[in-house]
Amino acid sequence: MSEVLNKLAETLEARKTAEPDSSYVASLYAKGLDKILEKVGEEAFETVLAAKNVGADGTGREALIYETADLWFHSLVMLATLNIGPDEIINELARREGLSGLVEKANRTQ
Ligand SMILES: N=c1c2ncn([C@@H]3O[C@H](COP(=O)(O)OP(=O)(O)OP(=O)(O)O)[C@@H](O)[C@H]3O)c2ncn1[C@@H]1O[C@H](COP(=O)(O)O)[C@@H](O)[C@H]1O
């Protein structure tokens with residue numbers, strides 16, 4: 001999972017020097033942090049709505065997965081703007097799980 005997040009984070013870093021009209025992420029950076037935070041809020045709201053609409057028979061699961069991906073993506077853009085990478089969030093989650101050693105070992109073998 002963190003491989004996908006790290007690859008996406010690399011792309012988000014690369015977009016920092018791209019022309020705003022050449023990419024969605026570059027256009028978000030150009031609009032600034034407030035616009036990015038607005039998008040995170042919007043995506044969080046859409047995710048909550050989608051979760052409320054998941055039925056007992058599993059209908060709506062796909063919509064929830066799609067909205068959660070949008071939320072994670074925009075959260076990564078927010079973090080990138082503030083020069084925080086997904087590895088820092090993963091390390092914090094690992095620390096809470098008592099798995100810090102595992103992450104360090106994985107990082108050493110990369
Ligand atoms: N993972 C994503 C990703 N997820 C969601 N989105 C975009 O996020 C937007 C969310 O949809 P909305 O309807 O809320 O937004 P919108 O109507 O387009 O924008 P607003 O006018 O509402 O601000 C859509 O434009 C999606 O295309 C993404 N855009 C890019 N990526 C990845 O980011 C990387 C860089 O992308 P580019 O900047 O496009 O090169 C690539 O690896 C992409 O795969």
How long is the gap from [atom1] on [X] to [atom2] on [Y], to the nearest 0.5 Å?
X   : Y   : atom1 : atom2 : result
E42 : H74 : CD    : NE2   : 8.0 Å
K16 : T81 : NZ    : OG1   : 6.5 Å
S2  : N91 : OG    : CG    : 9.5 Å
I89 : L79 : CD1   : CG    : 5.0 Å

Residues two or more places apart in sequence or in another chain: which of them pass side chain to side chain donor-acceptor pair (under 3.5 Å) with [X]?
X   : answer
D21 : none
E10 : none
T17 : none

field: Side-chain donor/acceptor of S23 to backbone N/O of E19, under 3.5 Å
entry: no

- request: Please identify each residue that fulfils side-chain contact (heavy atoms from CB on, under 4.5 Å) with A18, with sequence neighbours left out.
  value: R15, S22, A26

Listed pairs under 3.5 Å, donor-acceptor, residues 28-37 side chains, sequence neighbours left out:
unit_1, atom_1, unit_2, atom_2, d
Y29, OH, L12, O, 2.8
K35, NZ, E38, OE2, 3.4

message: Counting C-beta onward and ignoring hydrogens, is there a side-chain heavy-atom pair between V25 and F73 closer than 4.5 Å?
response: yes

query: Which residue pairs satisfy the ring pair (Phe, Tyr, Trp, His ring centres under 6.0 Å) criterion with at least one member in residues 34-70, sequence neighbours excluded?
result: none

statement: Heavy atoms of P86 and L76 approach each other most closely as CB-CD2, 3.9 Å

- prompt: Quick one: hydrophobic cluster around L64, which other residues, with the 4.5 Å side-chain cut-off, linked directly or via members?
  reply: V54

query: Under 4.0 Å between a Lys/Arg side-chain N and an Asp/Glu carboxylate O for E92 and R96?
result: yes

message: Quick check on the hydrophobic clustering: are I65 and W72 connected, directly or via other members, by side-chain heavy-atom contacts under 4.5 Å?
response: no

message: Once side-chain hydrogen bond (donor to acceptor under 3.5 Å, both in side chains) is applied, what residue pairs with a partner in residues 48-57 remain, sequence neighbours excluded?
response: D57-T59

- prompt: Which salt bridge (charged side-chain N to carboxylate O under 4.0 Å, His left out) pairs, counting each pair once, include a residue from residues 60-86, with sequence neighbours left out?
  reply: none

